Structure formats: structure tokens, C-alpha cells
Amino acid sequence: MLEGRVVRAAGGFFTVLADDGIKYLCRARGNLKRGQSALLVGDKVTFNPEVNQSSLSNPQGIIEQKLPRKNRIDRPPVVNVDQLIIVTSQKEPSGDWQLVSRLSVIAEREILQTIVCINKIDLIDQDEVKAVQTQLELYPYPLLYTSTKSGIGIEDLKAVLRDRCSVFAGPSGVGKSSLLNVIQPGLSLQTGEVSEKIRRGKHTTRHAELLTLESGGSVVDTPGFTRLDFHNIKPTELAAYFPEFEPLQGCCSFRDCRHLTEPGCAVLDGIGKSVNPMRYEHYKYFAAEIGKGEEDYR
Ligand code: GDP
Ligand code: ZN
């Protein structure tokens with residue numbers, strides 16, 4: 001019995017990348033094909049390699065068991081993802097930091113590590129870089145400054161992707177696909193438009209695939225988190241998805257403090273000291289949005 005990971009699923013077959021680096025084309029036991037326990041890309045599995053003549057050049061096997069999952073994202077449907085690389089830019093298109101926070105909240109809920117990559121850094125001058133860095137003081141996530149044109153930061157991004165499974169997200173046009181292509185020429189992300197065309201043209205749903213990087217790690221071949229509303233996040237949960245509030249937990253005067261207008265609020269007191277002011281504004285905005293959603297629901 002070998003262990004491996006499903007990197008592709010199509011037509012009832014699963015491509016399993018085994019721990020020894022060999023890819024096996026596998027079928028699965030019936031109970032792993034349907035319903036709740038159906039296998040998804042990213043699943044870790046145990047499987048039995050088949051031993052016969054053709055299996056020498058064309059390794060095959062049968063998946064016996066699905067190992068426990070760490071997490072699951074829905075769009076695209078992939079499990080056991082380690083981290084979200086949120087890509088943004090300051091120019092072409094201009095930076096949307098609220099969108100970055102929105103994505104990080106969703107990532108926190110899915111127990112994904114978040115890394116923010118500010119791409120197209122070649123388009124802004126030194127003063128603008130300084131201004132961005134000032135705006136991002138006390139930022140709670142690792143920041144990478146990259147350019148696919150000048151090559152700045154690409155080695156750092158490779159290092160971040162190594163030995164982990166990552167999904168890219170961010171607005172269209174910021175350079176997600178280009179980044180992957182400079183990391184490994186020939187690889188690029190399936191864009192929304194392309195998969196939309198395939199969907200409309202053939203009535204088939206494109207399934208995500210895990211791309212293995214030569215420099216180490218794997219990347220989901222489709223950008224994630226295209227659904228950006230906070231469905232099923234409760235107002236009381238939101239603060240937990242702002243990791244910079246964590247050290248202040250229990251320090252507010254009121255135990256059920258929402259960190260909005262309450263007196264003696266440690267988060268409000270912490271703005272500019274341990275809480276980035278822009279991030280707090282995003283929190284306030286999201287709290288209002290979720291609060292309003294709750295009212296509409298009632
Ligand atoms: P995606 O939609 O996020 O996948 O973005 P793409 O990778 O398709 O890139 C959108 C456009 O931005 C393309 O014309 C790229 O050539 C350009 N681009 C990507 N990265 C950079 C960069 O670092 N600097 C500059 N100046 N342009 C870039
Ligand atoms: Zn508070």
C-alpha cells in the first residue's frame with residue numbers, strides 16, 4: 001500500500017502523485033466516488049499499485065482509503081490547501097486593500113495561511129513604494145513585493161510556495177497568471193473567462209488540478225475565492241478572523257465587545273499601536289455589512 005495525493009480527477013479516474021514522486025492513474029472503490037466522501041483534488045489517499053506488464057510504463061492503481069482532510073474550499077473544489085496567496089497591485093489596476101482584507105477573512109475561516117503579494121512593483125517609483133510601506137505598517141500578514149517584469153521578489157515567492165499547497169486569488173489583471181509563468185515557464189492559471197467559455201460551450205464543469213512546481217510545492221490551477229460575500233459568517237465571529245485582534249482578546253471592558261463604539265475597547269485603543277488603521281476600517285465596514293445581512297434575514 002502506498003500513500004499519495006490526488007492531483008487530478010476526470011472521468012472517474014484519479015491521478016495520484018505518490019510520495020515517491022511517481023504519478024499513478026487510479027480508479028477508486030465505489031464508496032469513494034459518491035456523496036459526502038467522494039474524492040476531491042487534494043485528497044491524501046492510500047492506494048494499491050497494480051502490478052502487470054503495462055503498469056511499468058503506465059503506473060496504475062486502486063485507491064483504498066481517503067485520509068482525513070484539513071480543510072476544503074468550494075470554488076474551485078479542492079481540499080488540504082495550506083495557503084492563500086492574495087495578489088494585488090498598486091497600479092494597473094490600482095490597489096484594492098478592502099478586497100485583500102475580504103479575501104483574508106475568508107481564508108481565516110477556511111484555516112488557510114495568508115500571504116499578500118504586491119505585484120507590478122516596477123510600475124511605481126521609490127516614493128510610492130515608501131507610501132505603500134507606510135500604509136502597511138502593522139499589517140498582520142507577510143508581504144511580498146514582486147514584479148514579473150524586473151524579477152524582483154520572485155525568488156521570495158518561490159520560497160513561500162515550496163513544500164506547500166497554495167491557491168492564488170485576487171482581482172483579474174494583477175498578474176496571478178504571469179507570476180506562475182515566471183516561476184515555471186509553461187504554467188499559467190486558468191482564467192475565469194476561459195473556464196466560463198468551456199462551461200458554456202460544453203456543459204461540463206472544469207475540475208481544478210494541482211500543478212506541481214519544479215522549485216517545490218503545488219499550486220491550484222484556477223484562482224480561488226471568486227465568491228466574495230460573507231455568507232454564513234456571524235457578526236460575533238468576524239473579530240476572530242482579524243488575527244491582529246487576537247492578542248487583545250479579553251482586554252476590552254465588555255466581554256461581548258464588538259470593537260465598534262464600546263467604551264474601554266482594547267481594539268479601538270490599539271489602532272495605530274498594534275492594529276493597522278486601514279485594517280480596522282475594513283473590520284468596521286465588514287461588521288456593518290454582516291450586521292445588515294442579519295437584519296435582512298430576520
Ligand atoms: P491575472 O488576471 O491576475 O492572471 O493577470 P495576468 O497574469 O493575466 O496579467 C495581466 C497583465 O498584467 C498582463 O498584460 C501582464 O503582462 C501584466 N503584468 C503581469 N505582471 C506584471 C508586472 O509585474 N509588471 C507589469 N508592469 N505588468 C505585469
Ligand atoms: Zn473591544
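Whatever order the structure lists them in is the order used to number ligands and atoms, beginning at 1. Just so you know, these numbers come straight off a predicted model, no measurement behind them.
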Scan residues 130-159 for pairs that pass salt bridge (Lys or Arg N to Asp or Glu O under 4.0 Å), counting only residues two or more places apart or in two chains.
-> Glu155-Lys158
Do Tyr283 and Phe286 have their ring centres less than 6.0 Å from each other?
-> no
For ligand 1, is there an atom lying under 4.0 Å from some heavy atom of Leu189?
-> no
Would you call Arg27 and Glu50 a salt bridge, taking side-chain N to carboxylate O under 4.0 Å as the test?
-> yes
Considering only distance and modelled atom types, tabulate donor-acceptor pairs under 3.5 Å from the side chains of residues 70-79, sequence neighbours left out.
from, atom 1, to, atom 2, distance (Å)
Lys70, NZ, Asp82, OD1, 2.7
Asn71, OD1, Asn80, N, 3.2
Asn71, OD1, Val81, N, 3.1
Asn71, ND2, Val81, O, 3.0
Asn71, ND2, Glu110, O, 3.1
Arg72, NE, Asp74, OD1, 3.2

Flag, side chain of Glu262 to backbone of Leu260, donor-acceptor distance under 3.5 Å = yes
Results of salt bridge (Lys or Arg N to Asp or Glu O under 4.0 Å) for Lys44 - residues two or more places apart only = none
Is there a donor-acceptor contact under 3.5 Å linking the side chains of Ser89 and Asn119?
-> no
At a non-hydrogen distance cut-off of under 4.0 Å, which region of Thr148 contacts ligand 1 (side chain, backbone, both, or neither)?
-> both
Looking at ligand 1, does any of its N/O atoms fall within less than 3.5 Å of an N/O of Ser172?
-> no
Hey, are Arg279 and Glu244 close enough for a salt bridge, meaning a charged N less than 4.0 Å from a carboxylate O?
-> yes
If Ile, Leu, Val, Met, Phe, Trp and Tyr residues are connected whenever their side-chain heavy atoms lie under 4.5 Å apart, and connections chain through other members, are Met278 and Ile124 in the same group?
-> yes
Side chain, backbone, both or neither: which part of Leu123 comes within less than 4.0 Å of ligand 1 when only heavy atoms are counted?
-> side chain
Sorted by chain and residue number, which protein N/O/S atoms are under 2.8 Å from the Zn ion (ligand 2)?
-> Cys252 SG, Cys257 SG, His259 ND1, Cys265 SG
Which is closest to atom 11 (C) of ligand 1 in terms of heavy atoms, Lys149, Lys120, Lys91, Lys176?
-> Lys120
Considering distance alone, does some N or O of Gly173 sit under 3.5 Å from an N or O of ligand 1?
-> yes
